[in-house]
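Let me begin by presenting the structure, written as structure tokens, before commenting on it.
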Amino acid sequence: MTQAEKELDNGKDKEKERDREKEKEQQRGVKRPIAPPAIPEPPQEQIQSNFVVVIHPGSRMLRIGRATDTLPVTVPHVIARRHKQSGQPRYEDAWLLREGLNKPESNEQRQNGLKMVDQAIWSKKMSNGVRRTPVSADQARAYNCQIRPAVLDSSSRVKWTNTTHHPPYLVGEEALYVNPTDCYNIHWPVVRGQLNVHAGPGGSLTAVLADLETIWSHVIQKHLEIPLKDLKYYRCILLVPDIYNRQHIKEVVNMLLLNMGFSAIIVHQESVCATFGSGLSSACVVDVGDQKTSICCVEDGVSHRNSRLCLAYGGSDVTRTFFWLLQRAGFPYRDCQLSNRLDCQLLQHLKETFCHLDQDISGLQDHEFQTRFPEAPALLYQVRLGDEKLQAPMGLFYPTTFGIVGQKMSSLQFRSQGDSEDPHDEHYLLATQSKQDQSSKSAADRKAISRPSGCLEGEMSSQGGTGELSDLPRSCGGGGGGGGGTQGETELGAAHGESLMGAGEVEEPVSAHLSRKTAIMSQFESKALGLDKAVLHSIDCCASDETKRKMYSSILVVGGGLMFHGVQEFLLHRIINKMPPSFRRLVDNVEVITRPKDMDPRLISWKGGAVLACLDTTQEMWIHQREWHRFGVRMLRERAAFVW
């Protein structure tokens, strides 16, 4: 045999060997890269941070800016769209009003919540060791009912937005000051952290995405001074809620890359970015926004998905409750309406100015405030207030005070419903996993036939439980850690799950299991957990005692919904009092951080997104426009820093 023939035979043997290796990998279910190695950008490319735009879309405010900016541009996340036809009825998304407030039980629930708040205020002693003397609303009412406003100026110098040139849309402050008689609809595209999809005008997913694109494009052009045609040179970092809707995130990424034209994007969670922004490696992040409160434990840049919890209340619910308490105390501005957006702005300002969580401030106090509205004189009001300033923010710890009836108040991360563009999702992994489980189980059964019957029962009981319980909402106790694995994103701890389901029910039909799972979920979601209880619940869902200790020693409060004087000491006191006794001995110190590095808590998550843009480790997380065009949502599963 010649040398050439020998080399040819060797080449054929190597090719056969490669084919056999590929077949073995396929049988083992080895995950192969979905994109060829030639597609990603060269790893040595240096990304300039001033060409990265960080976007943090909130329910009430949009924060957006270059990663090199000291502070982001902050604008109200609202748009006014001109009517397409004359005579079209006006439509305006609600600001402080929400579903579930006008039920027959609402007022009774408010009163019961207020009694619990008053009891809590009385039970906690002031710093001098004396119990606080309660002040009834009647004492303030007698004074406030006599108050008449003083005219400061015949003109408020505040004007309605000029719409004589008929602009097709207005954004931010201009949208808020559109005259109600003008032919414009007012839309808030994000509500309680999710896209505001509803049955009314402008409530379709397409319309909401169009509103987002218009608002963001307008702010980028006007405030960041970046022409839209130049966005192909820019990259984007998008901050998303910890508990997210996959379909909505997919559509927003699609809009940013394909419609607006950014060259690349990173999608990351608000809680993880909050730890980056505050310089903490691990923390229990408590993000109290305007309309939702999300709690999540983050360890070394990973969000523990078992610990994620979203509560459907926030700062605007405190504002509305404060207005209710003001009315009980004879609020002198008697024309105030929750349906009027300028009155809502005034009430937000009054809450931020007057409310506190400092129990040492007691008794009746006199305050004053001004009203400046378009086409009206500037007025000065006097108002006398007592416990109302403390009672309103305490509603976050006693949510029944908000009077919301029949609404979903707590959310956990749900398993994906599946996406036709992403065939190898967790449903696929679960299906293949269950086949492997079945084959291993049948093999174990065959082995067990030769053993005594008691042995088989032991094996069966040890195998049962984990797969069946993987879909349920996790309540507390042990369980999975921060993100890996293919089990459902809403899980119950083993101990809690067994007590709910019973050990002998492993072989039950799937339909019965699902219906019971749904019942447990709905029971949990209808409960309005107080903020302190929710923090304890989230920490208790961490996998190990060591992780729990870390979380108790670093409770990070961000967002604008809990910016009250005295909140740090107040929350710390409630957490320590309600901690499990076993942990009180183990945890060296419980710490609540409200202003890390003396930063504005509303900007910490955005700042974390800016920090993310500068990290070398983020180079492999970028999803480029052409990759998204080719592979779509599969790129999020491949590149996202959290389990998609």
Side-chain angles (χ1 to χ4, degrees), residues 58-62 73-98 144 147-189 191 196 200-202 211 214-215 218-219 222-223 290-291 315-316 319-320 322-324 326-327 331-354 367-383 560:
S59 305
R60 199 53 56 210
M61 291 292 180
L62 167 69
V73 173
T74 303
V75 296
H77 207 181
V78 62
I79 185 169
R81 287 199 178 272
R82 188 167 179 79
H83 292 170
K84 298 226 182 321
Q85 300 166 346
S86 59
Q88 197 175 323
R90 278 192 75 258
Y91 176 83
E92 185 168 334
D93 283 339
W95 182 340
L96 294 181
L97 292 170
R98 59 182 288 176
N144 290 332
I147 296 295
R148 295 292 175 269
V151 178
L152 291 174
D153 196 333
S154 58
S155 168
S156 64
R157 295 190 176 86
V158 177
K159 291 185 169 58
W160 294 115
T161 302
N162 183 8
T163 57
T164 51
H165 56 299
H166 303 313
Y169 66 84
L170 295 157
V171 167
E173 289 286 344
E174 288 184 334
L176 285 180
Y177 281 90
V178 166
N179 193 322
T181 59
D182 284 348
C183 305
Y184 284 85
N185 287 347
I186 311 292
H187 300 293
W188 299 88
V191 64
N196 187 14
D211 288 344
T214 305
I215 294 169
H218 175 87
V219 175
K222 183 180 176 183
H223 296 281
D290 185 73
Q291 297 180 6
S316 61
T319 306
R320 192 182 56 253
F322 187 47
F323 176 53
W324 172 63
L326 287 173
Q327 286 181 309
F331 190 43
Y333 171 38
R334 291 172 184 84
D335 295 331
C336 191
Q337 298 288 333
L338 290 176
S339 54
N340 182 327
R341 73 186 98 96
L342 298 187
D343 285 346
C344 290
Q345 263 191 311
L346 172 69
L347 289 169
Q348 291 271 59
H349 171 70
L350 294 182
K351 175 197 75 175
E352 290 164 11
T353 309
F354 298 151
H367 304 275
E368 59 181 37
F369 65 93
Q370 297 178 16
T371 60
R372 291 180 180 271
F373 300 127
E375 299 173 358
L379 302 175
L380 178 69
Y381 286 88
Q382 304 286 334
V383 62

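Because only heavy atoms are used, hydrogens play no part in the values below, and waters and symmetry mates are left out as well, while side chains stay in.
Here the closest non-hydrogen pair linking P180 and W160 is CD-CH2, 3.6 Å. Across A80 and A175, no two heavy atoms sit closer than the pair N-CB, 3.7 Å. The two atoms that bring W188 and H77 nearest to each other are CE3-O, 3.3 Å, heavy atoms only.
R334 is linked by a salt bridge (charged side-chain N to carboxylate O under 4.0 Å, His left out) to nothing, counting only residues two or more places apart in sequence or in another chain. Qualifying side-chain hydrogen bond (donor to acceptor under 3.5 Å, both in side chains) partners for Q327, counting only residues two or more places apart in sequence or in other chains: none. Shown here are the side-chain hydrogen bond (donor to acceptor under 3.5 Å, both in side chains) partners of D211, two or more places apart in sequence or in another chain: R81. For P76, the side-chain contact (heavy atoms from CB on, under 4.5 Å) partners at least two apart in sequence or on another chain are M61, V78, E173, L176. The salt bridge (charged side-chain N to carboxylate O under 4.0 Å, His left out) test applied to D182 returns no partner, not counting sequence neighbours. In this structure, the side-chain contact (heavy atoms from CB on, under 4.5 Å) partners of L96, at least two apart in sequence or on a different chain, are S316, T319, L338, C344, L347. The ring pair (Phe, Tyr, Trp, His ring centres under 6.0 Å) test applied to F354 returns H367, not counting sequence neighbours. Under the salt bridge (charged side-chain N to carboxylate O under 4.0 Å, His left out) criterion, E174 pairs with no residue at all, not counting sequence neighbours. Residues meeting the salt bridge (charged side-chain N to carboxylate O under 4.0 Å, His left out) test with R90, sequence neighbours left out: E92. Remark: V191 pairs with N196, Q291 by the side-chain contact (heavy atoms from CB on, under 4.5 Å) rule, at least two apart or across chains. For P377, the side-chain contact (heavy atoms from CB on, under 4.5 Å) criterion is met by V151, L379, not counting sequence neighbours.
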- prompt: Run the side chain to side chain contact (heavy atoms under 4.5 Å, CB included) check on Y177 and L342 step by step: do they pass?
  reply: CA-CA 8 Å; Y177 281 90; L342 298 187; 3.7 Å; yes
Working for side chain to side chain contact (heavy atoms under 4.5 Å, CB included), residues V383 and L350: CA-CA 11 Å; V383 62; L350 294 182; over 6 Å; no
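At distances below 3.5 Å, at least one donor-acceptor pair connects side-chain atoms of N162 with backbone N or O atoms of T164.
Ring orientation note: the planes of F369 and F331 are close to parallel, at an angle under 30° on the 30°/60° scale. A tilted orientation is assigned to the rings of Y381 and Y333, their planes being inclined by 30° to 60°.
In summary, the side chains of D93 and Y91 do present a donor paired with an acceptor at a separation below 3.5 Å, with no hydrogens or angles considered.
Residue pairs satisfying the salt bridge (Lys or Arg N to Asp or Glu O under 4.0 Å) criterion with at least one member in residues 157-169, sequence neighbours excluded, are listed as follows: D153-R157.
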